[in-house]
Amino acid sequence: MAPHELVYDWVRKIPKGRVLTYGVISLLLSKRFSARAVGWFMHGSPKGVPWHRVVNASGGCSTDRLPDFPQGLQRHLLEREGVVFGTNGKMKLKKYLWIPPVEKR
DNA sequence: CCATTGACGAAGA
DNA sequence: TTCTTCGCCAATG
């Protein structure tokens with residue numbers, strides 16, 4: 001299995017209505033990849049991977065910066081799972097960040 | 001091999 | 001709080 005597949009494995013484990021940040025995923029993999037690299041991998045995430053559950057460290061949707069990407073889609077998908085965004089377009093990570101069970105690490 | 005470009009993020013100003 | 005700056009690293013030309 002290719003090394004970066006480990007990133008997708010973690011993303012697939014994120015429960016509905018919860019999220020992980022690029023940086024946290026980097027830490028979960030012992031910084032084998034930088035948060036930036038994780039973002040790059042997400043760009044080519046395979047079908048079936050809940051990519052919308054990965055947000056930036058500020059609790060915002062980084063996908064909205066991509067010109068060639070449906071604006072607001074990520075937010076829509078998250079709201080459909082119960083995630084609430086503030087007026088600043090950011091969510092409260094304290095509330096939605098998923099803390100992986102110790103036994104799975 | 002070198003430069004540039006991102007779905008990043010911490011630290012300063 | 002918002003904006004730069006800088007380190008990060010895979011991919012691309």
Side-chain angles (χ1 to χ4, degrees):
Chain A
M1 164 203 269
H4 68 272
E5 289 290 325
L6 296 172
V7 171
Y8 304 137
D9 282 344
W10 273 113
V11 178
R12 276 188 276 257
K13 292 178 183 174
I14 307 175
K16 282 187 180 182
R18 304 304 293 286
V19 302
L20 278 189
T21 69
Y22 304 93
V24 169
I25 292 176
S26 173
L27 290 176
L28 285 172
L29 297 177
S30 305
K31 292 192 174 183
R32 190 161 140 163
F33 306 108
S34 68
R36 206 158 189 152
V38 171
W40 170 259
F41 291 140
M42 290 310 293
H43 215 315
S45 49
K47 183 181 176 184
V49 174
W51 57 270
H52 60 283
R53 293 179 190 148
V54 182
V55 301
N56 59 44
S58 302
C61 302
S62 295
T63 50
D64 286 341
R65 288 196 291 159
L66 301 174
D68 309 307
F69 201 88
Q71 301 300 296
L73 173 60
Q74 182 169 16
R75 173 173 176 163
H76 176 73
L77 292 174
L78 286 172
E79 289 180 324
R80 202 172 63 179
E81 297 183 350
V83 177
V84 178
F85 285 77
T87 52
N88 51 9
K90 297 175 182 176
M91 70 179 74
K92 293 181 179 178
L93 287 180
K94 265 197 170 181
K95 184 173 183 179
Y96 302 108
L97 183 64
W98 177 53
I99 306 301
V102 183
E103 67 268 16
K104 290 190 176 181
R105 293 191 294 181

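Convention: sequence-line order gives letters A, B, ...; per-chain numbering from 1. For clarity, every value in this text was computed on a predicted model and none was experimentally measured.
A donor-acceptor pair is defined here as one N or O able to donate and one able to accept, closer than 3.5 Å; such a pair exists between the side chain of A:R18 and the backbone of A:Y96.
Taking atom CG of residue A:D68 and atom C1' of nucleotide B:dT5, one finds them 14 Å apart after rounding to whole Å. Rounded to whole Å, atom P of C:dG7 lies 23 Å from atom OH of A:Y22. One interatomic measurement links the two molecules: CZ of A:F69 to P of B:dG6, which rounds to 15 Å at whole-angstrom precision. Rounded to whole Å, the distance from CD1 on A:I25 to C1' on B:dG9 is 14 Å. In this structure, the CG atom of A:L97 is 14 Å from the C1' atom of B:dG9, given to the nearest Å. One can place CG of A:L28 at 17 Å from P of B:dC8, the figure rounded to the nearest angstrom.
Annotation: side chain to side chain contact (heavy atoms under 4.5 Å, CB included) contacts of A:W40 (sequence neighbours excluded): none.
Contacts of A:T21 with the nucleic acid, taken as non-hydrogen atoms under 4.0 Å apart, involve only primed sugar atoms and P, OP1 or OP2.
A salt bridge links A:R53 with A:E81: at least one charged nitrogen is closer than 4.0 Å to a carboxylate oxygen.
Ring geometry, A:F41 versus A:H4: the interplanar angle falls under 30°, so the pair is classed parallel (tilted spans 30 to 60°).
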Please list, pair by pair, any protein nitrogen or oxygen found under 3.5 Å from a nitrogen or oxygen in nucleotides 9-12 of chain C.
unit_1, atom_1, unit_2, atom_2, d
C:dC9, O4', A:S34, OG, 3.1

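Taking the six-membered ring where the residue is Trp, the centroids of A:F33 and A:W10 are separated by 6.0 Å or more.
Taken to the nearest 0.5 Å, the CD atom of A:Q71 stands 14.5 Å off from the NE2 atom of A:H76.
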